[in-house]
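Input: a single structure, listed below in structure tokens.
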Amino acid sequence: MRTILTGVRANEEPTIGNFLGAYKSMISLAHEHAADSNINMFVPDLHSFTTPIDHDKLYDQVIKGVKYYIAAGLDINNPNIHIYRQSHVPAHSELAWILDCFTPFGEASRMTQFKEKSEEHSNAVTVGLFNYPILMAADILLYDAEYIPLGEDQFQHLELARNIGIRMNNKFDKGLFTIPAPEEEQVKFMHLEKGLRIRSLVDPTKKMSKSSENQKSKISLNDNPAEAAKKIMSATTDSEGVIRFDMINQPGISNLLTIEALLNDRDIQDVISDWAGQTSYGDLKKKVAETVEHFLADFQEKVAAISDEQVEAVLQKGEAYANTVANTKLAQVQRAVGVRK
Ligand code: AMP
């Protein structure tokens, strides 16, 4: 059975960028494919402290992350849907070490996200931050996952995972790992034209990042809905004076049109046509602000209705499954590299 897999780190409160780029794609793929595919939605909690966080909050944030998956629409009663924590499946870290030894330093050094993040956190650049794409490769290869719904920022890491898998297959055994589909195929599988990148509300040339310290740049999933609406009203736009979808010259307006379409489950082209040629940025902002406010209120209500006991039961089931699959693959890799008979 094919495996579709994704995860959202639990380091900070996720944003609507995470919701639209990862949760929403995964949930619609789950609706489409859960009858004949494994849907693995994990919390990459070991990835959470590649940059500094408040560790006292991490555990609760992870549990909340699971509630978010459920609130976003994952059907926890479907036997093919598996929710688990990376830290509770030790094979992830063990495989990461083995993959480290088959990843040329130069190749890992080309990851642009490492360059960006090490500039952002210049006083706390750790080996973990450098190494995390290889742990991500282990997250994927352990389960023979073919499709990985991701935002655009992660495609370079996906390519790295493919390269590592191909390299090991060539060296040891052509059937060792299933190689995840390349970027174009992933995007097609997600029914997108290209990878999605929701932009910062303050600087729309950059992505909306959950680790940004500027609260006005992002809409977090736990934002007060009315406050979030105000952030949309003060989003940076441009001085062109006409509503057009043009990510190069009008990234702020294009970002608002994208948010409006995706949160309402509408085709982006239809939303662009609705607003084409209109000149009031205020009207567009008001509409998007209403959409965001309504979305957050509804989502937060769903999250509040999920109990910790429910989460515990879901994780117990998911982690039993994940450990079985991951340990089988790890043993196969250990045999290939010669540490197990
Ligand atoms: P991270 O925040 O790095 O844990 O990312 C989790 C998932 O959310 C990944 O699939 C990212 O590609 C996706 N993601 C994060 N930020 C955005 C964004 N601004 N727009 C679209 N997808 C995003």
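Order of listing sets the numbers, starting from 1, for every ligand and every atom in it.
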Just which atoms of ligand 1 are under 4.0 Å from any heavy atom in [X]?
X    : result
G21  : 21 (C), 22 (N)
R197 : 20 (N), 21 (C)
G151 : 10 (O), 11 (C), 12 (O), 22 (N)
A22  : 7 (C), 8 (O), 10 (O)
K210 : 1 (P), 2 (O), 4 (O)
L196 : 20 (N), 21 (C), 22 (N)

With no hydrogens and no angle check, just 3.5 Å: does a side-chain donor-acceptor pair link [X] and [Y]?
X    : Y    : answer
S217 : S212 : yes
K218 : N214 : no
E32  : H191 : yes

Taking [X] first and then [Y], would you say they form a salt bridge - that is, a charged N and a carboxylate O separated by under 4.0 Å?
X    : Y    : result
E120 : K115 : no
R2   : E146 : no
K329 : D144 : yes

Worksheet item: Which bit of L150 is near ligand 1, meaning a heavy atom under 4.0 Å away: side chain, backbone, both or neither?
Response: both
Fill in: D173 and N169, any side-chain heavy atoms less than 4.5 Å apart
no
N/O to N/O below 3.5 Å, does that happen between [X] and ligand 1?
X    : answer
T6   : no
I198 : yes
R199 : no
K117 : no

Worksheet item: Nearest protein heavy-atom contact for atom 23 (C) of ligand 1: which residue, which atom, what distance?
Response: G17 O, 3.5 Å
Worksheet item: For atom 3 (O) of ligand 1, what is the nearest protein heavy atom, given as residue, atom name and distance?
Response: R9 NH2, 3.2 Å
Worksheet item: Tell me, which pairs form a salt bridge (charged side-chain N to carboxylate O under 4.0 Å, His left out) where one or both residues lie in residues 238-267, sequence neighbours left out?
Response: K24-D265, E240-R244, E260-K287, R266-D274
Item to complete: Can you run down the salt bridge (charged side-chain N to carboxylate O under 4.0 Å, His left out) pairs that involve residues 59-78, sequence neighbours left out, and say none if there aren't any?
Response: E13-K64, K67-D308
Fill in: From the candidates T50, N18, L262, the one that places a heavy atom nearest atom 6 (C) of ligand 1
N18
